[in-house]
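Before any comments, here is the structure.
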2 protein chains.
Amino acid sequence: MRDSNASEGERVPRSDEADNAPTAELPAVTDRNGPARTGRAAPGVDPNRVRAIPEAAVARLAVYLRVLSAMAEHGAVTVSSEELSSASGVNSAKLRKDLSYVGSYGTRGVGYEVDVLTAEIERVLGLTRKQKVAVVGIGNLGHALANYGGFPGRGFPVEALFDVDADLVGVPVGGMPVSHIDDIPKVCAQRGIAIGVIATPPAAAQSVCDRLVQGGVQCILNFAPVVLRTPPHVEVRKVDLAIELQILSFHVARKTEQRTRRRVPAARASSNGEVV
Amino acid sequence: MRDSNASEGERVPRSDEADNAPTAELPAVTDRNGPARTGRAAPGVDPNRVRAIPEAAVARLAVYLRVLSAMAEHGAVTVSSEELSSASGVNSAKLRKDLSYVGSYGTRGVGYEVDVLTAEIERVLGLTRKQKVAVVGIGNLGHALANYGGFPGRGFPVEALFDVDADLVGVPVGGMPVSHIDDIPKVCAQRGIAIGVIATPPAAAQSVCDRLVQGGVQCILNFAPVVLRTPPHVEVRKVDLAIELQILSFHVARKTEQRTRRRVPAARASSNGEVV
DNA sequence: TAGCGCTTGTGAACGCGTGCACAAAATCCG
DNA sequence: CGGATTTTGTGCACGCGTTCACAAGCGCTA
Ligand SMILES: NC(=O)c1ccc[n+]([C@@H]2O[C@H](COP(=O)([O-])OP(=O)(O)OC[C@H]3O[C@@H](n4cnc5c(N)ncnc54)[C@H](O)[C@@H]3O)[C@@H](O)[C@H]2O)c1
Ligand SMILES: NC(=O)c1ccc[n+]([C@@H]2O[C@H](COP(=O)([O-])OP(=O)(O)OC[C@H]3O[C@@H](n4cnc5c(N)ncnc54)[C@H](O)[C@@H]3O)[C@@H](O)[C@H]2O)c1
């Protein structure tokens, strides 16, 4: 996904390490290792195993978390891998493999305790500490993001808003006044903001990104359809809706093409000889 | 990469065909979304198969398209794989491999003609025919989507809006009046809408999805944080912003954990001698 | 307590995507 | 006109993620 949106993780290294960089693409996901704190790594497990969690698995763990929380609200106490996987839309073997990255918190013959599993996934995903979010570009999309209750509700309080528009500065949006983009570095550093969301026009995105980095922001979620250049330590994820639509469009085209081909058996051959 | 988005189209097959689902995702990647080739996922060997383009490659092709269009505006006539790849944030070998799925339209020693390459990628992605889009749920997000010029501008005209709210029905948003969700099947079928975008509250998403499918929609872009169940022929991609934030949060956690461990030299060395 | 049925956890195989490295092709230039 | 130069296109190898299949483990029951 994957990604991403799967599909994804397209970070461009800044200038210096420009060309031969192995970089980007699946930026070396993890190596968390076992015990650390919080407790007993599963008994009998290789003591100092350094395990990397595939990014795709991280994305799915977040889905499991959402499903688990819905199940908990519904009163469920335990859940089997079969139930959880079908509710999450994945294969049960894959689910168990994903959970094995988290640790061994299931009971054979029974399943998983919903609250335990929830807590452990949250621990691994680093959700025990709330990450503060700043939104830059309070236009159509920025307004929606600022008003959205789903972020604070999931441990991502929106603690700063920025725009360049003088008419917007000072105006409260979603209960938070908009600041000017010149203050991005200062405000982000002061408030300890970890995640920056860019919802500005594409032309402004890179400069906004630079200021966020300057302010100590560690991750960026980018809605502007441009490739951002960042230093290696900053993680970037992009959400490009036009690309999503184009991927869907591709599938439509493929399907209708197949259907047409089936109806008209004598299709032409393309230049490279393959049947089209 | 999903992630992304994934990526990562997590479609759950409707009841009947339970396990062998092609899945697709990543997010992603993308990532974005994820794996699963675009060719027929048929278990049997399809002899004269359509060239299967990896979904990740499709996502990147869409990026190349955007970059190419920017280059064309800038007056570029030809472009080398090196230029295009660095502007797109990918490895040049990968870019050439991606383009090879499209065909051989480059000139060795020179590069690619911008307009030719653009046209060929558009052809492969099925962008030669405009795909009509409907947006359901004209709230915060739906408003932003309906007002967004980037969709029509890229060949995805928004041709219908729907909401359940009686106060909204009939009101024009972004130049298009809102219809009632009960009319989804009828209107979608009439106007030949291919892509449905779901921006309703999670609880309403599945029923909206069902109606879109009923109206003949072939693809769905889902913003509601729920797993949609659809018949096998309907392609679903999800955009879950909370999951994006959680993935970023995971990276933050990993980094700070590493940093902490490094500061506390009591850390053990792993068996293979590498510093942990 | 022993046996049985159920579910977890994971080793191992497989398949796919990525990156490397180079031959092929086309242009440039002397 | 032939060699040097540039850049494409791709065969191949490697590594990661997915999937299978099953042993290990736990609770229940007799
Ligand atoms: N609206 C959507 O549904 C949608 C969908 C996909 C992508 N996007 C992308 O998201 C971004 C925002 O879209 P939008 O529809 O909200 O645009 P918008 O024009 O409504 O809002 C942009 C906002 O950014 C502000 N801005 C302009 N320059 C700025 C700068 N240098 N620093 C800070 N703020 C600045 C503007 O004042 C405005 O408030 C765009 O890049 C767009 O391509 C939007
Ligand atoms: N706003 C964001 O930035 C954001 C971010 C991430 C995810 N989302 C998700 O996107 C979806 C929409 O978010 P929003 O902020 O726009 O919500 P919203 O409450 O502002 O808007 C929801 C709209 O859907 C309409 N609606 C309710 N039930 C409906 C039904 N059965 N059929 C059709 N329409 C119906 C409502 O009338 C309303 O207009 C939600 O699922 C939310 O979780 C939103």
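Sequence lines set the chain letters: A, B, ... in the order given, protein chains first and strands last, and positions in each chain run from 1.
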Can a side chain N or O of [X] be found less than 4.0 Å away from OP1 or OP2 on [N]?
X: A:Y112; N: D:dC26; answer: no
X: B:S81; N: D:dT8; answer: yes
X: B:R60; N: C:dT18; answer: yes

Note to self: Is it the case that C:dG9 (base atoms only) and A:K97 (side chain only) share a donor and an acceptor within less than 3.5 Å, ignoring hydrogens and angles?
What the structure shows: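 Check fails, no donor-acceptor contact within cut-off.
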Checklist line | Partner set under side chain to side chain contact (heavy atoms under 4.5 Å, CB included) for B:Q131, not counting sequence neighbours | finding: A:S249, A:V252, B:F156, B:A194, B:I195
Within this structure, what is the [atom1]-to-[atom2] distance between [X] and [N], rounded to whole angstrom?
X: B:E113; N: D:dT8; atom1: CD; atom2: C1'; result: 15 Å
X: A:K94; N: C:dT8; atom1: NZ; atom2: C1'; result: 19 Å
X: B:D98; N: D:dT10; atom1: CG; atom2: C1'; result: 13 Å
X: A:E82; N: C:dG9; atom1: CD; atom2: P; result: 14 Å
X: B:R96; N: D:dC12; atom1: CZ; atom2: C1'; result: 15 Å
X: B:N91; N: D:dG15; atom1: CG; atom2: C1'; result: 15 Å
X: B:E55; N: D:dG17; atom1: CD; atom2: P; result: 17 Å
X: A:L95; N: D:dC20; atom1: CG; atom2: P; result: 14 Å

Next item on the list: Check side-chain hydrogen bond (donor to acceptor under 3.5 Å, both in side chains) between B:R96 and all other residues, then give those that pass, not counting sequence neighbours.
Entry: B:S81
Next item on the list: Using side-chain hydrogen bond (donor to acceptor under 3.5 Å, both in side chains) as the criterion, list what pairs up with B:E83, not counting sequence neighbours.
Entry: B:S80
Next item on the list: Check every atom of C:dT10, D:dG17, D:dT10 against the side chain of A:S104 and return the nucleotide holding the closest atom.
Entry: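 Closest of the options to the side chain of A:S104: C:dT10.
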Check: Roughly how far, to the nearest 0.5 Å, is CE of A:M71 from CG of A:L117?
Finding: 10.5 Å
Next item on the list: To the nearest 0.5 Å, tell me how far B:L248 CG sits from A:I220 CD1.
Entry: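 B:L248 CG to A:I220 CD1: 9.5 Å, rounded to 0.5 Å.
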Pull out every protein N or O sitting under 3.5 Å from an N or O of nucleotides 26-30 of chain C, one pair per line with the distance.
from   : atom 1 : to     : atom 2 : distance (Å)
C:dA26 : O4'    : B:R108 : O      : 3.3

Checklist line | Qualifying salt bridge (charged side-chain N to carboxylate O under 4.0 Å, His left out) pairs with a residue from residues 99-118 of chain A, counting only residues at least two apart or across chains | finding: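 Residue pairs with at least one partner in residues 99-118 of chain A: there are none.
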Checklist line | Partner residues of B:F223 under the ring-ring contact (aromatic ring centres under 6.0 Å, His included) criterion, sequence neighbours left out | finding: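 With sequence neighbours excluded, B:F223 shows a ring-ring contact (aromatic ring centres under 6.0 Å, His included) to no residue whatsoever.
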